[in-house]
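Quick notes on the structure that follows.
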Amino acid sequence: QVQLVESGGGLVQAGGSLRLSCAASGRTFSVYAMGWFRQVPGKEREFVAAITWSGSGSNTAYADSVKGRFTISRDNAKNTVYLQMNSLKSEDTAVYYCALRSFWAPNPTLQDEYAYWGQGTQVTVSS
């Protein structure tokens, strides 16, 4: 089993920054991708960013709405993935979820392929 614990959410003014963290524990030796998704009440959960890795290196992917503002990164030694969010907008307000995929697949944006999820952390951007 894998456990994911998110932290770093909160209230910030528009234009500000936040950094989310996702610490993984348990059976983390077979990790091929970790991603961030977000959900607003009444809407479907959507892809935000993901980082994938294999023997040839790592790659990142972003939703168009956050490109150039958000950066995903990882610290292997700490089994932790980060989401640095800059230039935040009111439309970024959501519950942000960390997720882990334990197999390789070409498209990191498909949430159905992520078997493990964190509990979510609220991000609120005031305008």
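Index from 1, following the sequence. What you see is a predicted model; the values in this text were computed from it and never measured.
For residues 41-50, the pairs satisfying side chain to side chain donor-acceptor pair (under 3.5 Å) are R38-E46, R45-Q111, with sequence neighbours left out. Within the structure, salt bridge (Lys or Arg N to Asp or Glu O under 4.0 Å) pairs that include any residue of residues 118-127 do not occur (at least two apart or interchain). For residues 38-97, no pair satisfies disulfide (SG to SG under 2.5 Å), with sequence neighbours left out. Identified under the disulfide (SG to SG under 2.5 Å) test for residues 35-85, with sequence neighbours left out: none. Here ring-ring contact (aromatic ring centres under 6.0 Å, His included) pairs that include residues 104-127, with residues two or more places apart or in two chains, are F37-Y114, F37-W117. The salt bridge (Lys or Arg N to Asp or Glu O under 4.0 Å) contacts involving residues 103-123 comprise R101-E113, where partners must be two or more places apart or lie in separate chains. Sorted by first and then second residue, the disulfide (SG to SG under 2.5 Å) pairs involving residues 39-106 (not counting sequence neighbours) are C22-C98. Among residue pairs with one or both ends in residues 74-89, none qualify as salt bridge (Lys or Arg N to Asp or Glu O under 4.0 Å); sequence neighbours excluded.
Residues Q119 and V5 come closest through the heavy atom pair OE1-CA, 3.9 Å. Nearest heavy atom pair, residue S21 against residue T80, reads CB-CG2, 4.3 Å. Closest approach of Y96 and A94 over heavy atoms only: CD1-O, 3.4 Å. Nearest heavy atoms, Q84 versus S17: NE2-CB, 3.9 Å. Considering every non-hydrogen atom in both M34 and A24, the closest pair reads CE-CB, 4.4 Å.
Taken together through direct or relayed side-chain contacts under 4.5 Å among Ile, Leu, Val, Met, Phe, Trp and Tyr, I72 and V48 form part of one hydrophobic cluster.
With sequence neighbours left out, the salt bridge (charged side-chain N to carboxylate O under 4.0 Å, His left out) criterion links E91 to no other residue. Scored by the salt bridge (charged side-chain N to carboxylate O under 4.0 Å, His left out) test, D64 finds K67 as partners (sequence neighbours excluded). In this structure, R19 has no salt bridge (charged side-chain N to carboxylate O under 4.0 Å, His left out) partners at least two apart in sequence or on a different chain.
Between L88 and F70, some side-chain heavy-atom pair lies under the 4.5 Å cut-off.
Residues near Y82 contribute nothing to a hydrophobic cluster around it, because no ILVMFWY side-chain heavy atom sits closer than 4.5 Å to its side chain.
Between the S90 side chain and the V125 main chain, no donor and acceptor come within less than 3.5 Å of each other.
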